[in-house]
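Written out below as structure tokens is the structure these notes cover.
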Amino acid sequence: DVQLQASGGGLVQNGGSLRLSCAISGLSFDDYAIGWFRQYPGKEREDISCIDSTSDRIYYGDSVKGRFTISSDNAKNTVYLQMKSLKPEDTAVYYCAATKYRTLAHAGLVAAYFDYWGKGTLVTVSS
């Protein structure tokens with residue numbers, strides 16, 4: 001079974017940092033890229049970052065570029081999202097997901113391109 005487990009969310013002050021982790025089992029980084037999405041209440045999921053670990057193709061959405069960094073530890077089958085300079089508007093539920101469209105990882109893929117999803121982790125940034 002494929003499983004993705006996001007963790008690391010919590011409450012942080014405006015300007016603070018958090019690191020999210022996505023622990024992955026049942027699939028290979030050779031076949032899938034891993035993305036991070038966030039979702040506000042009543043809104044569609046927003047693609048914020050994606051990484052193809054085999055080629056280091058990386059995507060960042062405009063809203064997080066320069067503040068968030070995605071990375072992977074292939075030995076641990078884990079993808080991280082380091083978030084800095086957090087703002088209240090970053091408050092959302094964050095999800096990790098896997099897509100077989102690995103070669104398009106740098107292009108910004110909407111949620112429909114992702115095959116497997118983990119449960120979300122809530123990030124709350126206080127003002």
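No experiment lies behind these values; they were computed from the predicted model shown.
- For S49 (side chain) and W36 (main-chain N/O), no donor-acceptor pair under 3.5 Å exists by modelled atom type.
- In F29, the CZ atom is crowded: over 12 heavy atoms of neighbouring residues, nucleotides or ligands sit closer than 6.0 Å.
- Between the side chain of D31 and the backbone N or O of S28, no donor-acceptor pair lies under 3.5 Å.
- In this structure, R38 forms no cation-pi arrangement with Y94, as its terminal cationic atom is not both closer than 6.0 Å to the ring centre and no more than 45° off the ring axis.
- The pair D90-R67 meets the salt-bridge criterion, with a side-chain N (NZ, NE, NH1 or NH2) lying under 4.0 Å from an Asp/Glu carboxylate O.
- A salt bridge links D115 with K100: at least one charged nitrogen is closer than 4.0 Å to a carboxylate oxygen.
- F37 has its ring centre less than 6.0 Å from the ring centre of F114.
- T121 places a side-chain N or O within donor-acceptor distance of the main-chain N or O of G9, the cut-off being under 3.5 Å.
- Interatomic distance, C96 SG to I70 CD1, rounded to the nearest 0.5 Å: 9.5 Å.
- Taking a cutoff of 4.0 Å between a charged side-chain nitrogen and a carboxylate oxygen, K65 and D62 qualify as a salt bridge.
- I58 and I34 fall within a single hydrophobic cluster, where Ile, Leu, Val, Met, Phe, Trp and Tyr side chains are chained together by heavy-atom contacts under 4.5 Å.
- Using a distance-only test at 3.5 Å, with no hydrogens or angles considered, no donor-acceptor pair links the side chain of R57 to the main chain of A105.
- The closest side-chain heavy-atom distance from C22 to Q5 is not below 4.5 Å.
- A cation-pi contact, defined as under 6.0 Å to the ring centre and within 45° of the axis, links R45 to Y95.
- Under a 3.5 Å cut-off, the side chain of R19 and the backbone N or O of Y80 do not form any donor-acceptor pair.
- A heavy-atom distance below 4.5 Å is found between the side chains of L27 and Y116.
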